[in-house]
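Here is the structure we will look at.
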Amino acid sequence: MKRFRRPTIRVSRPRPSDAISGLVTALFSIPEGMAYASIGGFNPVSGLYSGMVSTLVGSVFSRTVLMVTTLTSAIALSAQSVLAQAGLDPHDIGNIAMLTVAVGAVMLLFGLLRIGAIMDFVSSAVMTGFTAGIAVQIVAGVIKDVTGYKPDAHNTVWKFVDAFAHISQWSAHAVIVALATVAVWAVFRFIKPLESYSTLIALVVVTAVTAVSGTDVETVGDIAEVPNSLPPFTVPDLSAFPDLLLGAFAIALVALAQAAGISAAVPNPDKSRPNASGDFSAQGAANLVGGFFGSLPTGGSLSRTGVAVSAGAQTRWAGMFAGIWLILLVLIAGSAAQIIPMAVIGGLLFVIGFELIQGRWADIVLVFRTARLSAVALIVTFVATTQIPLQDAILVGAAISLILYCVQAARAARLVALVPDDGGWRVVDTPQTLPADGITVLDYSGVALFAEVPRIAETWPTVGDDNGRSALILSVRTLPDVPSSTLQKLLRAHADELRSKGGRFMLAGVRPQLMKGIENAGLVDAVGRDNIFEATDRVFESVDDAYAEAKRWLDAAPE
């Protein structure tokens with residue numbers, strides 16, 4: 001008996017390019033991590049801590065070798081929504097630790113149960129709508145930082161309306177600093193060798209100019225103190241766990257959906273196959289450990305994975321180095337981050353929001369050009385993301401994806417007739433009525449979903465009162481192992497009807513697992529075991545056998 005062997009995690013020797021890539025990723029994590037924490041309403045320092053231990057642990061266990069596990073914009077906003085809906089203080093480190101650990105537990109459970117395939121049921125259209133909604137949420141979340149005016153509205157759309165209605169109250173200094181940040185980023189974005197460092201360069205240049213010129217703008221130091229020390233050990237507040245469990249599930253779904261996209265986009269350099277369930281477990285471990293060291297919930301980050309790859313990452317050591325480098329940078333010069341203007345972080349987040357939409361623009365156009373139902377799913381998910389809490393929006397999106405799958409699967413189901421043609425079979429439309437003393441062969445292609453049965457029933461040939469000895473052969477070679485009870489009732493009814501009028505109902509292409517399913521449901525007894533022809537390695541061999549048997553049966557009928 002062959003034993004199942006659990007895939008091993010390969011840790012090769014670190015390379016110089018991995019160390020350099022890790023340093024670049026760590027430097028990039030300073031502005032981006034703080035920015036993401038800020039838009040979630042958290043202490044910006046939490047964004048720094050989220051790129052340390054969690055990133056290190058995630059890279060050790062990840063099956064997508066180059067994936068960088070850290071805080072993302074979607075996770076930050078989702079975490080804010082979950083804590084707000086639970087009525088918990090987002091600045092309480094015990095609440096944050098409990099949320100992060102709960103998210104890690106859900107992710108680890110997903111991984112251990114090997115349900116990575118769950119992400120196959122979140123459609124691209126839904127994820128596109130969700131990402132576009134997140135981009136709008138990001139921009140809305142930094143209106144105060146880039147304008148100096150705090151909108152008095154909770155609804156995402158009304159934040160923009162309120163801000164533009166009070167444009168006279170905007171801070172000229174904040175607006176200028178934010179625009180300068182975007183301008184510097186844009187300039188270096190077009191310089192190919194420096195493209196990957198454009199965000200970091202914009203942060204450093206504009207921060208330095210603002211500090212030297214003494215421009216009066218709000219800084220990170222005005223919001224929080226950044227210590228030159230490791231993140232403190234934090235004990236999760238267990239009393240908050242019941243209020244956070246459902247939200248933790250939603251955040252895990254958001255994070256895992258993002259990670260699935262990275263797994264598909266960034267192949268492993270060692271040619272090993274990525275594994276969604278293995279990545280679930282790795283991110284679960286990262287959150288379970290990181291929750292005790294000041295980290296917000298984390299997941300696979302497309303932006304920082306992209307930075308790592310463009311900076312020369314070759315092995316999983318690149319992500320491990322990123323966590324180590326960030327720890328060293330904070331220990332040596334963490335307090336220097338206090339001079340960073342919030343308008344700079346806001347400007348960078350405007351850029352990130354723009355890049356999110358730009359990255360999905362081709363998908364948006366494709367969906368609207370080709371699939372109406374998918375376009376509806378995209379719009380509904382986008383609206384949900386901007387109007388209701390994010391943890392609810394992703395659940396709405398998952399439900400829409402499932403409905404979309406069911407509708408498309410039901411539409412794809414077909415019942416066609418097959419007629420002999422030069423030693424093969426030709427596809428024709430199903431007849432309205434079974435021919436008297438004749439053989440009709442039907443081929444059913446579908447997933448046997450209950451929703452598709454009414455469409456199949458509409459095209460099923462009727463049996464006349466004077467039909468004689470008609471034989472009906474149904475090819476079920478593409479049906480799943482356990483067809484729906486609705487389909488089984490349909491087949492049983494037609495078998496009973498045909499037999500009551502002297503006819504014969506036969507099934508061809510029945511696989512062993514399908515045979516077990518219809519045996520347990522009692523369908524074998526209703527059809528008759530001698531009317532069931534099992535599938536072979538030749539596609540239509542069982543149909544040929546059933547047709548020959550039906551012909552023999554008709555020829556043997558008394559005149």
Side-chain angles (χ1 to χ4, degrees), residues 407-449 451-481 483-484 486-488 490-499 501-515 517-518 523-524 526-557:
V407 171
Q408 291 176 336
R411 285 185 169 185
R414 292 288 184 272
L415 185 68
V416 297
L418 302 176
V419 295
D421 183 25
D422 296 331
W425 295 94
R426 181 163 50 90
V427 176
V428 297
D429 293 334
T430 56
Q432 293 185 350
T433 305
L434 293 180
D437 300 317
I439 304 173
T440 302
V441 180
L442 301 179
D443 183 78
Y444 182 7
S445 61
V447 294
L449 189 70
E452 71 190 36
V453 173
R455 295 183 63 252
I456 295 300
E458 289 178 1
T459 57
W460 197 282
T462 59
V463 182
D465 293 331
D466 55 347
N467 213 65
R469 289 167 61 86
S470 294
L472 174 61
I473 302 170
L474 179 65
S475 173
V476 293
R477 57 194 172 85
T478 63
L479 288 189
D481 296 338
S484 68
T486 306
L487 176 61
Q488 293 187 43
L490 176 71
L491 298 182
R492 185 190 300 270
H494 284 296
D496 292 343
E497 180 187 20
L498 196 56
R499 185 172 57 247
K501 295 183 179 180
R504 190 172 179 181
F505 183 80
M506 310 166 79
L507 292 177
V510 178
R511 301 184 313 280
Q513 289 300 318
L514 178 58
M515 176 66 84
I518 61 179
L523 189 58
V524 171
V527 175
R529 191 170 293 273
D530 58 338
N531 291 322
I532 296 178
F533 296 80
E534 295 191 11
T536 68
D537 54 1
R538 290 180 57 204
V539 176
F540 286 106
E541 185 172 23
S542 61
V543 176
D544 292 335
D545 293 342
Y547 191 84
E549 169 59 21
K551 194 171 185 305
R552 183 201 63 74
W553 174 70
L554 286 175
D555 292 341

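The structure presented is a predicted model; accordingly, all values stated were derived computationally and were not measured.
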Checklist entry - Rounded to the nearest 0.5 Å, how far apart are OG of S542 and CD1 of I532? => result 12.0 Å

Checklist entry - Rounded to the nearest 0.5 Å, what separation is found between the CG atom of D545 and the CZ atom of F540? => result 13.5 Å

Item to check | Pairwise side-chain contact, S475 with Y444, heavy-atom cut-off 4.5 Å (strictly under) | outcome: no

Item to check | Heavy-atom pair of closest approach, residues V463 and K501 | outcome: O-NZ, 3.2 Å

Next on the checklist: Can you tell whether the side chains of D496 and R499 come within less than 4.0 Å, N to carboxylate O?
Outcome noted: yes

Checklist entry - Between S470 and P435, is there a donor-acceptor pair closer than 3.5 Å when you use the side chain of the first and the backbone of the second? => result yes

Item to check | Approximate separation, where rounding is to 0.5 Å, of I518 CD1 and R492 CZ | outcome: 10.5 Å

Next on the checklist: Tell me every residue that passes ring pair (Phe, Tyr, Trp, His ring centres under 6.0 Å) with F533, counting only those two or more places apart in sequence or in another chain.
Outcome noted: none

Checklist entry - Around D421, counting heavy atoms of other residues, nucleotides and ligands shown, do more than 12 lie under 6.0 Å from its CG? => result yes

Item to check | Closest contact, heavy atoms only, A417 versus P431 | outcome: CB-CD, 4.1 Å

Item to check | For T459 against T430, the heavy-atom pair lying closest together | outcome: O-OG1, 3.1 Å

Item to check | Contact summary for L514 and V476, nearest pair of heavy atoms | outcome: CD2-CG2, 3.9 Å

Checklist outcome for this item: Rounded to the nearest 0.5 Å, the CG atom of N531 sits from the CZ atom of R529 at a distance of 11.5 Å

Checklist outcome for this item: Taking every heavy atom of R504 against every heavy atom of D530, the minimum-distance pair comes out as NH2-O, 3.6 Å

Item to check | Value rounded to 0.5 Å, distance of CZ in R426 from CG in L418 | outcome: 10.5 Å

Item to check | D443 vs R477, salt bridge (charged side-chain N to carboxylate O under 4.0 Å, His left out): CA-CA, chis, key distance, verdict | outcome: CA-CA 8 Å; D443 183 78; R477 57 194 172 85; 3.4 Å; yes

Item to check | side-chain contact (heavy atoms from CB on, under 4.5 Å) partners of A535, counting only residues at least two apart | outcome: R511

Checklist outcome for this item: Output for pair (I456 CD1, L490 CG), nearest 0.5 Å, gives 8.5 Å

Checklist entry - How would you list, by chain and number, every residue that makes a salt bridge (charged side-chain N to carboxylate O under 4.0 Å, His left out) with D544, sequence neighbours excluded? => result none

Item to check | Minimum heavy-atom distance W553-A471, with the two atoms named | outcome: CZ3-CB, 4.1 Å

Checklist entry - How are the rings of W460 and H494 set to each other: parallel, tilted or perpendicular (split at 30° and 60°)? => result parallel

